[in-house]
Amino acid sequence: MQKNIINDLLWRGLIQNKVPGIENQVKKPTTIYTGFDPTSDSLHLGNLLPIIVLIHFQKMGHQSLILIGEATGFIGDPSEKDESRIFLKREKLHDNAKSIKNQIIRLIKDHSEGIELLNNINWIKNLYFLEFIREIGKFFTVNYLMSKDSVKKRMKNNKNGISFTEFSYSLIQGYDFLYLNEVKNCQIQIGGSDQWGNITTGIELIKRKTGKKVYGFTFPLITKPNGEKFGKSHNGNNIWLDKNKTSPYKFYQFFMNVSDENVERYIKIYTFLSKEVIDNLILNHKKDPSKRILQKKLAFYLTEWVHGYESSKTIMKISNILFNEINLELLDEKYFMMIYENIPHMFLSYIEFKKGIFILDILKHSGFFTSKSESYRAMKANSILLNKKIIKENIILTKNNIICKKYIIFQFGKKEFFILKID
RNA sequence: GGGGAGAUACUCAAGUUUGGUUAACGAGGACAGACUGUAAAUCUGUUGGCUAUGCCUUCGCAGGUUCGAAUCCUGCUCUCCCCA
C-alpha cells in the first residue's frame with residue numbers, strides 16, 4: 001500500500017472535493033462507504049462511479065460498504081433537484097432495492113471479498129422520532145443545515161420551496177454514517193459531487209457526537225463539453241445497466257460515440273487499466289484517431305463488465321458488420337441471427353409479407369419514428385437505407401429485398417438499425 | 001380577501017392593440033444530408049397528423065360573435081407578482 005490511492009484517483013479525474021487529511025487516513029486499511037437510494041429499478045451509468053471508486057479502494061486492500069438506501073429513498077434526497085421528488089411507495093422501494101442489490105452483486109463479483117452490502121432500513125426503521133430529533137437533532141442548528149447548497153437552492157426557489165421531509169434528509173444520511181462508523185468502523189464516505197453536503201453533515205455529526213475524525217470525498221459530475229450530463233443519451237434518457245432498459249448493443253454504441261475530446265478522460269474514469277496501459281492506448285489513439293482505438297476499448301471494456309464477455313464480443317462483431325462496408329449477401333446466417341437478437345427487430349410471417357407491405361409501415365413500427373410523416377420526411381432526405389442502399393420510394397417490399405432467405409436490414413441515418421425477419 | 005400580470009409546439013419566445021397569404025416570426029435543442037472517422041467543427045435541410053403535390057387538426061379549458069378567431073366576447077381552471 002505504498003502507492004497513494006488518492007493520487008491515482010486524482011490522476012483519473014475521480015476526485016472533486018476532499019476532506020483534508022484523507023491522504024494519511026488511506027495509508028492504512030480503512031472502511032469506506034457509499035450509498036444508493038433505490039429510486040429506480042435499475043442503476044444507470046452515473047451510478048457506476050461510486051462502485052468504480054470502491055473497487056479501486058478494494059484493490060488497495062481497503063474494505064467497502066455499499067449501502068442501499070431504502071430508508072433514505074423513503075424520504076427523498078433534495079440534492080440536485082429543483083422540485084420535490086414524487087414519493088415512492090414502500091413496496092416499490094423494496095422491489096427497487098432488491099433489483100439494485102442484484103445488479104451490484106454482479107458488478108462487484110470479482111471483488112466481492114471485502115465488500116459488504118447493507119440496507120439502511122434495517123437500522124432506521126427502529127428509530128424513534130422523539131429520540132432522533134433529540135439525540136441527533138441537537139447537534140445541528142437549523143442555520144447549519146440551511147447553509148447546505150441543496151437546501152439553500154430550494155429555499156430561494158419560491159415556486160417549490162422545500163418540505164420538512166426533504167430538509168431532514170441530510171440528517172438521516174448523516175445518521176447512516178454515524179451508525180456505520182460505530183458498527184462497522186467506517187471512516188470514509190464517498191459520493192457524487194452533489195453529495196458533498198450530505199457527507200459533511202455525517203462527518204460533523206460523528207465529530208460532535210463521538211469526537212472522532214472521519215473523512216469523505218466526492219467525484220465530479222461527469223459532463224460533456226456542452227455541460228450536459230454524461231451517461232444520458234441525446235434525448236435525455238439514462239443509459240441503464242439493466243439490459244431490458246438499455247440493450248447491450250445500445251450500451252456499447254453509446255461508448256463508441258464518445259468524442260475524441262472526451263474519450264481520454266472517460267477511459268481513465270471508467271476502466272481499471274493502469275496508467276501505463278492507458279498512456280500507451282492514448283498514444284496509439286492519437287496516431288490515427290479515425291481508428292477509434294480508445295472508443296472501442298472503452299465500449300468493449302464496459303460492455304464486458306456490465307453485460308458479460310460473450311455479450312460484449314457478439315456486439316462488437318455485429319457492430320463491425322453494421323457499420324463497415326461488408327457485403328451482406330455473403331454473410332452467414334448465424335450473423336443475421338446475432339443481429340436479430342441484439343438490435344431492434346420485428347418478425348413477420350411469410351404469408352403476411354406476401355400480402356404486400358410498404359416500407360413506411362415497417363419504419364413506423366421500428367420505433368425510430370413516432371409518425372409516418374416523420375419517416376416520410378426522412379425518406380425524402382435520403383436517410384433511409386434498405387440493406388445498406390438508399391431507398392427513395394415508399395415501395396412494397398418483395399422477395400428481392402430479402403437477403404439470406406429471411407432478413408431485411410433497415411438503416412436510419414448513420415447509426416440506427418432495424419432488422420426484419422420473415423419466415 | 002383586494003389589486004395586477006400571464007398561459008402559444010420539445011424548451012425559450014413572437015404574434016393579440018388594427019380578426020383573413022399563420023402549421024403559426026425567431027432562438028435553442030433534436031434529427032437528417034454534405035464533408036469525415038459511428039469524432040469535432042462547418043454548411044444545408046427538417047422539426048402537428050394523414051389514406052400525401054391534396055386533406056385534416058392545433059395556440060390553458062368550455063362556449064359565443066363572425067363568411068372567417070391564437071387574435072373579439074362570456075364563463076372556468078391554473079401560475080406568478082403586489083397589498084392585507
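Predicted model only: the values in this text are computed from it and were never measured. In what follows, chains are A, B, ... by sequence order, proteins preceding strands, each numbered from 1. We use all heavy atoms of the structure for the numbers below, so side chains are in, but hydrogens, waters and symmetry mates are not.
- Straight-line distance from the CD1 atom of A:I359 to the P atom of B:A52: 16 Å, rounded to whole Å.
- As rounded to the nearest Å, B:U21 and B:A40 have P atoms that lie 41 Å from one another.
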Show me the side-chain donor-acceptor pairs of residues 322-333 of chain A shorter than 3.5 Å, one per line, residues at least two apart or across chains.
from, atom 1, to, atom 2, distance (Å)
A:N324, ND2, A:N320, O, 3.1
A:N327, OD1, A:E329, N, 3.0
A:D332, OD1, A:K334, N, 3.0
A:E333, OE2, A:K406, NZ, 3.4

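- To the nearest whole angstrom, the two P atoms, one in B:C55 and one in B:G33, are 31 Å apart.
- Applying the salt bridge (Lys or Arg N to Asp or Glu O under 4.0 Å) definition to pairs two or more places apart or across chains, those involving residues 41-65 of chain A are A:D41-A:K245.
- A salt bridge is absent between A:R377 and A:E374: the closest approach of a Lys/Arg side-chain nitrogen to an acidic carboxylate oxygen does not fall below 4.0 angstrom.
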Reading nucleotides 33-40 of chain B 5' to 3', which nucleotides get B (base under 4.0 Å from a protein heavy atom), which S (sugar-phosphate only), which -?
S-BBBBBS
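- Look at the P atom in both B:C80 and B:C12: the space between them is 15 Å, to the nearest Å.
- Taking A:K372 as the reference, A:D361 meet the side chain to side chain donor-acceptor pair (under 3.5 Å) condition, with sequence neighbours excluded.
- Look at the P atom in both B:U71 and B:U17: the space between them is 10 Å, to the nearest Å.
- Taking atom P in both B:U58 and B:G48, one finds a spacing of 16 Å when rounded to whole Å.
- Side-chain contact of A:K148 with A:T201: a donor-acceptor pair under 3.5 Å is present, judged by distance alone.
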Sort me out a list of protein N/O and nucleotides 55-58 of chain B N/O pairs below 3.5 Å, or just none if empty.
none

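- With sequence neighbours left out, A:K138 forms a side chain to side chain donor-acceptor pair (under 3.5 Å) with A:E135.
- Using modelled atom types, one finds a donor on one side chain and an acceptor on the other under 3.5 Å when comparing A:D260 with A:Q295.
- If you take atom P in B:A62 and the same atom in B:C78, they sit 16 Å apart, rounded to whole Å.
- Applying the salt bridge (Lys or Arg N to Asp or Glu O under 4.0 Å) test to every pair with at least one member in residues 98-114 of chain A, sequence neighbours left out, gives no pairs at all.
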Derivation of the side chain to side chain contact (heavy atoms under 4.5 Å, CB included) call for A:F369 and A:K364:
CA-CA 6 Å; A:F369 301 96; A:K364 197 184 165 188; 5.8 Å; no
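- Heavy-atom distances under 4.0 Å link RNA chain B to A:S371, A:K372, A:S373, A:Y376, A:R377 of residues 361-379 of chain A, given in residue order.
- The P atoms of B:G63 and B:U57 are separated by 15 Å, rounded to the nearest whole Å.
- In this structure, A:E341 has no side-chain contact (heavy atoms from CB on, under 4.5 Å) partners at least two apart in sequence or on a different chain.
- Take A:K388 and apply the side chain to side chain donor-acceptor pair (under 3.5 Å) test, not counting sequence neighbours, and it matches no residue.
- For residues 285-296 of chain A, the pairs satisfying salt bridge (Lys or Arg N to Asp or Glu O under 4.0 Å) are A:E264-A:K286, with sequence neighbours left out.
- Side chain of A:D37 to backbone of A:T39: no donor-acceptor contact under 3.5 angstrom is found.
- In RNA chain B, runs of at least 3 consecutive Watson-Crick or G-U pairs, each pair with both distances below 3.5 Å, span B:1-7 with B:77-83, B:10-12 with B:26-28, B:29-34 with B:42-47, B:48-50 with B:54-56, B:60-64 with B:72-76.
- Straight-line distance between the C1' atoms of B:U38 and B:A32: roughly 15 Å, to the nearest whole Å.
- For A:E70 and A:N96, the side-chain atoms include no donor-acceptor pair closer than 3.5 Å.
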